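These notes concern the structure reproduced below.
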Amino acid sequence: MDTEVLRGDDPRSLVRAVELLVRGSLVAFPTETVYGLGADARSERGVRAIFEAKGRPDTNPLIVHVRSLEAARSIAYVSLRAERLAEAFWPGPVTMVLESRGVLPSLVTAGGPTVALRCPRHPAARALLLAFGGPIAAPSANRSGGISPTSAEDVVTELGGRVPLVLDGGPCAVGIESTVIDLVGPSTILRPGTIPASEIARALEEPVGWGSETAGPERSPGRLGRHYAPTASVVVGGTPPNGAAILRRGGGERNERVFELPDEPSGFARELYSALRRADRLGVDVIWIEPVPQGEAWDGVRDRLRRASLRE
Ligand code: TXA
Ligand code: MG
């Protein structure tokens, strides 16, 4: 299969994308967080194609992208808490796990009673959702276990030959995946993103808990073990080993093995995955990363660094 890359802001690209989705085929598209690998969430065939292209285990449920809270209501039971979060953060990088109405193929939710919903903010994602008119299931557009793509070129690196169309919407503004919040029981953050927990609690008007990786069943498989990992081993903190590629904050001396990332959390998140990819392409054994500060603004970044550094 050839992979075509088309501008996401061209109406002709959208026509092509909708044709593919209607047929139960795949379209990779930009969101503000990372690029997604999309299919018609109502199409068994389309959803199956996502799992095949990614090499993703079918025990790992997908995020369904919707154009509005109204569209979410036809897929899930939207609680008052969900309305509050949508009011505060949609469209944007927040995914809510809600009680499913059971109208989508069970593969989308890995056979479970809940469904993860997100309304993205990227104009090309919004235009695609509007033009298509239905929900789009889309995990990050990488091979399972790889780094999420933050540009159209990264999608081609990950999935070239496995997806017929990539909509190019430029580099992602957020750069790490959305915050995933389970609203079925007590509000629980399953995966931190760039929105601090305190802001989520304020919008919910109640405290939020943290999903534990060890306790209970696999509620959010994205929280399990090594994920978002490059080929080199990743070491956070301590002394940089000789010959390592280095990712660090702020200024100072730099050479071809040193990647400098902005010294504030949103800039760091925006550039992290592309820096990891470039460092990995050097063929080094180790990528050493400077630890990031304490404090909730860095929670999402800290989570991704921890996962990237977990050994298989
Ligand atoms: O920013 C994002 O969220 C990107 C863009 C493309 O929207 N998507 C993304 O999808 O990161 P994915 O599939 O790579 O991660 C989805 C996360 C996983 O941790 C998955 O296990 C969790 O959401 N998830 C999906 N459905 C769930 C459910 N019903 N209950 C709990 N967790 C769920
Ligand atoms: Mg992913």
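Each ligand, and each atom within it, is numbered from 1 in the order the structure gives. Because the structure is predicted, anything quoted here is derived from the model rather than measured.
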Between CG on residue Asp299 and CD1 on residue Ile189, distance to nearest 0.5 Å: 7.5 Å
Result of checking Thr179, Thr31, Ile176, Ile195 against Pro93 for side chain to side chain contact (heavy atoms under 4.5 Å, CB included): Ile195
Contact atoms of ligand 1, heavy-atom distance to His65 under 4.0 Å: 5 (C), 6 (C), 7 (O)
Ile50 CD1 to Leu62 CG distance, which is reported to the nearest 0.5 Å: 5.0 Å
Distance filter under 4.0 Å to Ser178 heavy atoms, resulting ligand 1 atoms: 1 (O), 2 (C), 3 (O)
Backbone or side-chain N or O of Arg118 under 3.5 Å from ligand 1 N or O: yes
Those atoms of ligand 1 less than 4.0 Å from some heavy atom in Asn60: 20 (C), 21 (O)
Heavy-atom nearest neighbour of atom 16 (C) of ligand 1 within options Val97, Thr114, Ile63: Ile63
Met96 side, atom CE; Leu69 side, atom CG - distance, nearest 0.5 Å: 6.5 Å
Those atoms of ligand 1 less than 4.0 Å from some heavy atom in Arg56: 12 (P), 13 (O), 14 (O)
For Thr33, atoms of ligand 1 separated by under 4.0 Å from a heavy atom: 1 (O), 2 (C), 4 (C), 5 (C)
Heteroatom distance test (Arg191, ligand 1): nitrogen or oxygen, under 3.5 angstrom: yes
Proximity to ligand 1 by part of Glu99, non-hydrogen separation under 4.0 Å: neither
Per-atom contacts of ligand 1 with Ser140, taking only distances under 4.0 Å to non-hydrogen atoms: 8 (N), 9 (C), 10 (O), 12 (P), 14 (O)
Sole candidate of Arg277, Lys54, Arg143 that passes salt bridge (charged side-chain N to carboxylate O under 4.0 Å, His left out) when paired with Glu158: Arg277
Interatomic distance, Arg101 atom CZ to Glu99 atom CD [nearest 0.5 angstrom]: 9.0 Å
Separation of Tyr77 OH from Thr114 OG1 (nearest 0.5 Å): 13.5 Å
N/O/S from Ser140 sitting under 2.8 Å away from the Mg ion (ligand 2): yes
Lys/Arg-Asp/Glu bridge criterion (N-O < 4.0 Å) met for Arg191, Glu177: no
